[in-house]
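Just below is one structure, and these are the notes that go with it.
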Amino acid sequence: MPVVETVRGPVDVGVLGQTLMHEHVFVVDPGHLADQGEDGWWDEEYRVADAVEKLRALVARGVTTIVDPTVWGIGRYIPRIQRVAAEVPELNIIVATGLYSYMDVPFHYAHRGPGTVVDIPEPMVDDFVKDITEGIAGTGVKAAFLKCAIDHYGMTAGVERICRAVARTHVRTGVPITVHTNPSTRSGLAVVDLFTKEGVDLTKVVLGHSGDSNDLDHLMALADTGATLGMDRFGLDLYNPTEARVDTIVSLCARGYADRLVLSHDAACFYDYFGHMWDAVPQIAPNWNYGHIHQDVLPALREKGVTDAQIEQMLVDNPRRYFS
């Protein structure tokens, strides 16, 4: 049985169970926290305890694994995740390496790499490989997948460089990839094209946020490449209401695409995007939480004809295949 790395170490993919494929624990930029965190919006002990409580509630709903694509650019900090994981031993937390940027590479890489001042082979690849093979930042926790992003700006020079580094790391290591995409601009098509040219196994790619779209022709075209569609923003009704997201999944399942869909919320215990206003977010987006899929979405899918076998496919079989 293949194994996958988690925050607490390797586990057999066969025990991953019900898996939410795109959830964050914390999105808290370390630089932001160091500079502004004492301004009243961050309490480390409270936030760790709050995360433990929320994740225990998720386990009580039957979820045994979450896949956390928090990487450099949106605040990856593994020691905090280790503290939480130690208090919720029933939950596997799988973490990533890669870079999250819509435009440019970080300054750390801007002058080092192909065609730059220090013209050397892409240093991002070696850094990503180290996270996968040795562990992240001295924690011993190994990344089990890669993350990059392409949003409404499209394939900028910086985004292309990051995506190519992610693709080449995948080719070298075999670990799968999750991509933040923007369905309104069909950015998934561009990244699929680039990955194809770089030799990526598209069956090991999740095109994140595909569920923001209800364009069945577009979604089927993406799935027909072999990639998996991330139906992973349930509760973010600002982008697409739950009812529409459900109807799209129902239609895709009826057309035979249940083996190319994974489910999630893109939720977190804390996003520093909102600072001290974070605790008011549930009033604005009341369904944007870890429980929405099990409480509301799965019953709605069943009511509209999605079978238990198809739900098992989306929550258990497809994530297991992705990490196998």
Side-chain angles (χ1 to χ4, degrees), residues 2-11 13 21-22 24-31 33-34 65-86 92-101 104-150 157-180 191 194-195 198-201 204-206 208 322-324:
V3 298
V4 59
E5 293 290 341
T6 75
V7 171
R8 289 192 306 275
V11 301
V13 295
M21 282 287 287
H22 193 122
H24 304 275
V25 181
F26 298 109
V27 176
V28 183
D29 181 80
L33 186 59
T65 303
I66 62 170
V67 179
D68 184 344
T70 312
V71 291
W72 186 6
I74 49 173
R76 184 183 68 182
Y77 183 64
I78 297 300
R80 188 176 295 119
I81 305 301
Q82 288 177 293
R83 289 189 61 192
V84 173
N92 302 303
I93 303 175
I94 299 174
V95 297
T97 187
L99 276 170
Y100 188 92
S101 174
D104 303 314
V105 298
F107 289 126
H108 179 74
Y109 294 115
H111 303 295
R112 295 185 304 123
T116 68
V117 175
V118 183
D119 191 356
I120 58 174
E122 181 56 71
M124 281 186 272
V125 174
D126 288 338
D127 289 347
F128 298 161
V129 169
K130 184 177 180 181
D131 283 354
I132 293 163
T133 60
E134 299 180 26
I136 299 166
T139 63
V141 174
K142 295 179 181 179
F145 69 111
L146 290 144
K147 170 73 175 294
C148 56
I150 177 169
V159 166
E160 179 178 352
R161 187 176 161 195
I162 294 167
C163 288
R164 289 194 188 280
V166 161
R168 291 169 187 179
T169 305
H170 158 83
V171 170
R172 184 185 298 186
T173 64
V175 302
I177 303 170
T178 287
V179 188
H180 165 106
V191 79
L194 182 147
F195 282 173
E198 288 287 341
V200 169
D201 177 357
K204 294 297 185 181
V205 175
V206 167
Y322 176 80
F323 286 112
S324 295

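Note that the structure is predicted; figures quoted are calculated from it, not measured.
Residues I93 and T6 fail the side-chain proximity criterion, which asks for heavy atoms closer than 4.5 Å. A 4.5 Å side-chain heavy-atom check between V11 and V4 finds at least one atom pair inside the cut-off. For the pair I132/T97, a side-chain contact is recorded, criterion being any heavy-atom separation below 4.5 Å from C-beta on. Residues F145 and V206 fail the side-chain proximity criterion, which asks for heavy atoms closer than 4.5 Å. You'll find the side chain of V25 stays beyond 4.5 Å of the side chain of T70, heavy atoms only.
Closest heavy-atom contact between A167 and I177: CA-CD1, 4.4 Å. Shown here for C148 and V166, the closest heavy-atom pair between the two residues is CB-CG2, 3.9 Å. Residues A96 and K147 come closest through the heavy atom pair CB-CB, 4.4 Å. Taking all atoms of both residues into account, the shortest heavy-atom contact from A144 to I94 is CB-CG2, 3.5 Å. Contact record, S324 with V13: OG-CG2, 3.6 Å, taken as the closest heavy-atom pair. Scanning all heavy atoms of the two residues, the minimum distance from G75 to P30 falls at CA-CD, 3.8 Å.
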task: Starting from the C-alpha separation in whole Å, work towards a yes-or-no answer on side chain to side chain contact (heavy atoms under 4.5 Å, CB included) for V175 and K142.
output: CA-CA 11 Å; V175 302; K142 295 179 181 179; over 6 Å; no
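With values rounded to the nearest 0.5 angstrom, I78 atom CD1 is found 4.0 Å from I136 atom CD1. Distance check, rounded to the nearest 0.5 Å: CG of L99 to SG of C163 gives 10.0 Å. Note: W72 CH2 to I162 CD1 = 9.5 Å, rounded to the nearest 0.5 Å.
For D104, the side-chain hydrogen bond (donor to acceptor under 3.5 Å, both in side chains) criterion is met by no residue, not counting sequence neighbours. Legend: residues meeting side-chain hydrogen bond (donor to acceptor under 3.5 Å, both in side chains) with H108, ordered by chain and number and at least two apart, are R112. With sequence neighbours excluded, no residue forms a ring-ring contact (aromatic ring centres under 6.0 Å, His included) with F323. Checked against side-chain hydrogen bond (donor to acceptor under 3.5 Å, both in side chains), E5 has no partners two or more places apart in sequence or in another chain. Looking at residues two or more places apart in sequence or on another chain, you find a side-chain hydrogen bond (donor to acceptor under 3.5 Å, both in side chains) between T65 and N92.
Between Y322 and T178, the side chains place a donor N or O and an acceptor N or O closer than 3.5 Å (distance only, hydrogens not considered).
Applying the side chain to side chain donor-acceptor pair (under 3.5 Å) test to residues at least two apart or on different chains, the pairs with a partner in residues 168-177 are D126-R172, R168-E198.
Using bins of under 30°, 30° to 60° and over 60° for the plane-to-plane angle, the ring pair H180/Y100 lands in the perpendicular bin.
Counting only distance, with no hydrogens or angles, the side chain of R164 and the backbone of E122 share no donor-acceptor pair below 3.5 Å.
Just one residue in the list D68, D131, D29 forms a salt bridge (Lys or Arg N to Asp or Glu O under 4.0 Å) with R76, and that residue is D131.
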